[in-house]
Amino acid sequence: MTETFYDVLRRQGITRRSFLKFCSLTATSLGLGSAAAPRIAHALETKPRTPVLWLHGLECTCCSESFIRSAHPLTKDVVLSMLSLDYDDTLMAAAGHQAEAIIEEVKKKYKGQYIVAVEGNPPLNEDGMFCIQGGRPFIDKLKETCADAKAIISWGSCASYGCVQAAKPNPTRATPVHKVISGKPIINVPGCPPIAEVMTGVVTYMLTFDRVPELDRQGRPKMFYGQRIHDKCYRRGHFDAGQFAEAWDDEGARKGYCLYKMGCKGPTTYNACSSMRWNGGVSWPVQSGHGCIGCSEDGFWDKGSFYDRVTDIKQFGVESNADKVGGTVAAVTGAAIAAHAAVTALARARSKNETNGE
Amino acid sequence: MLSQQDMLEAERHGRQVRSIYVYEAPVRLWHWINAAAMVVLAVTGYFIGLPPPSVPGEAVDNFLLGYIRFAHFAAGYVFAIGLLARVYWACVGNHHARQIFMLPVTNRAWWSEVLFELRWYLFLEKHPKKYVGHNPMAQLMMFFFFTLLAFGMVITGFALYSEGAGQGSWSDTLFGWVLPLLGGSMQTHSWHRLGMWIMMSFVLVHVYAAIREDIMSRQSLISTMVSGWRMFKD
Ligand code: HEM
Ligand code: HEM
Ligand code: SF4
Ligand code: SF4
């Protein structure tokens with residue numbers, strides 16, 4: 001008989017009371033309301049457990065670090081016991097051949113049923129030699145593991161967009177997961193790292209409802225990435241009022257004014273930081289006095305300074321922004337007009353003289 | 001085709017009558033509304049990227065950037081709806097109404113007129129020609145630096161607008177795809193801003209040329225955009 005999630009949790013020593021608490025917590029964090037809690041409980045009690053294989057490519061492990069610091073110990077325990085039973089080379093007890101054998105086993109036993117969660121990304125240059133696992137390139141392992149998966153979760157900006165290892169000039173040709181895997185639903189959960197509750201929320205949603213959450217154009221779950229930091233920022237009132245910090249230690253900064261002029265990327269970044277916050281709701285970057293650096297946006301390392309609002313456009317070289325390029329065009333145009341007008345006036349005066357002279 | 005026909009018309013009319021009706025009322029009305037909207041858009045847009053110094057007092061008592069953005073979006077709607085109305089008029093208006101939307105690129109005579117105008121602006125021709133509608137050089141400039149760019153500004157503008165309007169809004173449905181295409185929200189902002197500078201450069205040249213031609217050429221210019229009638233001076 002296949003185990004249900006509930007069986008596994010009970011085996012891990014989690015009480016029924018804790019289990020029900022977890023269900024209502026999850027329902028709330030997914031924005032589903034308390035009515036959904038019994039539905040989640042029922043699903044977990046009756047559904048056979050879906051295995052999750054967690055792969056690591058080129059990465060710094062910040063996603064795992066974030067994940068295991070999930071706010072509610074309950075959520076962490078529950079979700080971790082759902083996951084770690086299978087494969088996660090950072091967290092699991094098994095090692096070596098024993099560990100690699102798990103992937104094979106899950107692939108066979110749960111063909112088309114399991115979920116692959118990818119942290120980091122595969123480098124493609126030099127036949128993938130920049131990331132070797134179990135004696136072969138990560139890209140091969142990734143492709144094989146994903147071949148029979150039901151769905152794939154791309155953890156963090158690395159797996160979703162490439163992040164720092166893909167920043168120019170990207171020497172290893174680190175490539176986001178959705179560019180090398182096709183034909184499977186891929187959920188992008190960008191952020192460097194993503195918020196823990198966002199990660200557990202996505203996993204729980206998929207495990208309990210057996211489907212992929214609603215995604216936006218860039219494959220991100222709408223419930224967490226539907227709005228910009230700026231749309232929910234508590235300093236937004238100061239933005240609309242026109243009150244900005246102009247230096248890190250000025251009066252405005254002390255008064256908690258908007259960090260727009262200090263280069264805050266909140267207006268151009270989709271993430272849940274301003275509503276869910278970090279570390280169990282303790283704080284988040286803007287609350288700590290530093291602007292958002294746009295860590296959950298595609299290619300955020302290559303978008304110019306973190307501290308400029310009107311920032312560089314790479315197509316025009318390293319140090320050129322719209323105002324420098326455009327301002328130069330306008331100034332040159334103005335100068336050309338002035339020169340042209342002067343020549344016109346001269347030419348006209350001369351031709352008048354000629355006519356008068358006749 | 002147009003310009004050749006234009007010149008013939010101009011010469012014919014120039015001999016018989018001193019004026020001819022060129023720009024119909026909707027075109028003239030649109031021109032000035034559009035110009036006003038663009039001035040508002042450029043000024044407010046500039047301050048959206050680089051806001052003025054902080055206002056004193058409590059946040060609840062102020063709404064400076066809020067008003068600046070509101071003015072931008074309101075003028076943006078005027079600009080966009082005006083452009084659509086202008087496209088409609090290009091379909092039903094007289095043939096001069098179509099000039100800024102279509103270039104007679106296959107017409108060799110038209111190109112030689114462009115060259116002539118270029119020489120005129122480079123002081124290589126002594127005597128200007130007469131045109132009923134836009135001169136070919138102006139038409140070329142307007143097509144690339146106004147018409148195409150205007151659509152670009154509307155598309156990127158409403159893509160940015162959709163970020164505030166939210167997912168599922170009409171602007172998101174119609175223009176939301178632009179953001180990932182241009183490499184994200186920040187990039188879209190940068191291109192939109194660069195577009196502002198290019199538009200403003202066009203306006204500088206355009207207004208200069210309008211005033212200069214009004215003085216130097218053999219026909220009326222600015223009053224034509226007001227009354228619709230082209231007057232020939234000789
Ligand atoms: C001639 C036409 C236009 C010009 C010159 C113009 C100019 C600008 C400029 C310079 C910016 C600031 C960009 C930055 O630094 O981030 C801006 C932002 C923006 N524009 Fe325009 N714009 C034009 C048309 C439009 C239209 C038609 C719309 C549609 C409603 C629009 C909507 C916006 C939005 C939503 C923003 C971003 C506001 C924000 O981030 O708070 N623009 N525009
Ligand atoms: C933001 C400012 C402006 C913009 C974007 C603009 C744009 C345009 C466009 C697109 C046309 C072509 C009209 C058509 O065929 O439908 C045009 C024509 C014209 N504009 Fe402007 N304009 C601006 C300001 C001005 C100003 C300030 C003047 C007066 C000094 C002016 C004088 C004219 C004249 C005389 C024509 C007709 C040119 C001809 O007959 O060939 N414009 N303008
Ligand atoms: S601090 Fe950043 S996110 Fe907050 S209102 Fe200002 S610009 Fe927007
Ligand atoms: S505030 Fe911005 S930079 Fe900071 S974690 Fe959130 S999305 Fe990333």
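Only heavy atoms go into these numbers, but all of them, side chains included; no hydrogens, no water, no symmetry mates. By convention in this document, chain letters (A, B, ...) are assigned in the order of the sequence lines, proteins followed by strands, and residues within each chain are numbered from 1.
- Most heavy-atom pairs under 4.5 Å with chain A, from the set B:Gly176, B:Gly164, B:Pro56: that is B:Gly176.
- Proximity to chain B (any heavy atom under 4.5 Å) is shown, for A:Arg235, by neither the backbone nor the side chain.
- Annotation: maximal heavy-atom pairing with chain A below 4.5 Å, among B:Ser54, B:Gly57, B:Gly66, occurs at B:Ser54.
- Proximity to chain A is absent for every atom of B:Ile211, based on heavy atoms less than 4.5 angstrom apart.
- The most heavy-atom pairs under 4.5 Å with chain B, out of A:Ala331, A:Ala341, A:Ala347, come from A:Ala341.
- A:Tyr270 and A:Gln218 share no side-chain donor-acceptor pair at under 3.5 Å.
- No hydrogens or angles considered: nothing links the side chains of A:Glu297 and A:Thr268 as a donor-acceptor pair under 3.5 Å.
- A donor-acceptor pair is defined here as one N or O able to donate and one able to accept, closer than 3.5 Å; no such pair exists between the side chain of B:Ser190 and the backbone of A:Ala322.
- Proximity to chain B is absent for every atom of A:Lys255, based on heavy atoms less than 4.5 angstrom apart.
- Heavy atoms of B:Met200 lying under 4.5 Å from chain A are absent altogether.
- Under the 6.0 Å cut-off for aromatic ring centres, B:Tyr77 and B:Tyr161 qualify, their centroids lying closer than that.
- Salt bridge A:Asp250/A:Arg254: absent, no basic N to carboxylate O contact under 4.0 Å.
- The contact between B:His189 and chain A is made entirely by side chain atoms (from C-beta outward), counting heavy-atom distances below 4.5 Å.
- The greatest number of non-hydrogen atom pairs below 4.5 Å with chain A, out of B:Leu65, B:Ile68, B:Asn62, B:Val203, is found for B:Leu65.
- When heavy atoms are compared at a cutoff of 4.5 Å, A:Thr311 approaches chain B by way of both its backbone and its side chain.
- Using a distance-only test at 3.5 Å, with no hydrogens or angles considered, a donor-acceptor pair links the side chain of B:Asp214 to the main chain of B:Ile222.
- Among the candidates A:Lys222, A:Lys261, A:His238, the residue making the largest number of heavy-atom pairs closer than 4.5 Å to chain B is A:Lys261.
- Side-chain atoms of B:Ser227 and B:Ser223 form no donor-acceptor pair, as typed in the model, at a separation below 3.5 Å.
- Interface check for chain A: of the options B:Tyr121, B:Phe63, B:Tyr208, B:Tyr67, the most heavy-atom pairs under 4.5 Å are formed by B:Tyr208.
- Looking at A:Arg217, only its side chain comes within 4.5 Å of chain B, counting heavy atoms on both sides.
- Among B:Pro52, B:Gly184, B:Gly166, the residue with the largest count of heavy-atom pairs under 4.5 Å with chain A is B:Pro52.
- Formation of a donor-acceptor pair under 3.5 Å by the B:Arg28 side chain with backbone atoms of B:Val226 is found in this model.
- Taking the six-membered ring for Trp and the full ring otherwise, A:Tyr260 and A:Phe239 have centroids separated by under 6.0 Å.
- Put simply, of A:Glu251, A:Gln227, A:Gln243, the one with the most heavy-atom pairs under 4.5 Å next to chain B is A:Gln243.
- Contact annotation for A:Tyr257: only side-chain heavy atoms (C-beta onward) come within less than 4.5 Å of a heavy atom of chain B.
- Both the backbone and the side chain of A:His340 come within less than 4.5 Å of a heavy atom of chain B.
- Between chain A and the options B:Asp61, B:Leu122, B:Ile48, heavy-atom pairs under 4.5 Å are most frequent for B:Ile48.
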Return all side-chain donor-acceptor pairs below 3.5 angstrom for residues 31-40 of chain B, not counting sequence neighbours, or 'none' if the list is empty.
residue : atom : partner  : partner atom : Å
B:Trp32 : NE1  : B:Met225 : O            : 3.0

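- Both the backbone and the side chain of B:Arg193 have a heavy atom closer than 4.5 Å to some heavy atom of chain A.
- Between B:Phe158 and B:Trp170, a ring centre-to-centre spacing shorter than 6.0 Å is recorded.
- Residue contact with chain A, scored on non-hydrogen atoms closer than 4.5 Å, is absent for B:Ile198.
- Between the side chains of A:Arg228 and A:Thr269, no donor-acceptor pair of N or O atoms lies under 3.5 Å.
- In terms of heavy-atom pairs under 4.5 Å with chain B, the best-connected choice from A:Gly304, A:Gly237, A:Cys258, A:Gly327 is A:Gly327.
- Heavy atoms closer than 4.5 Å to chain B are found nowhere in A:Val332, neither backbone nor side chain.
- Between A:His290 and A:Trp248, the ring planes lie parallel to each other; the angle is under 30°, not in the 30° to 60° tilted range.
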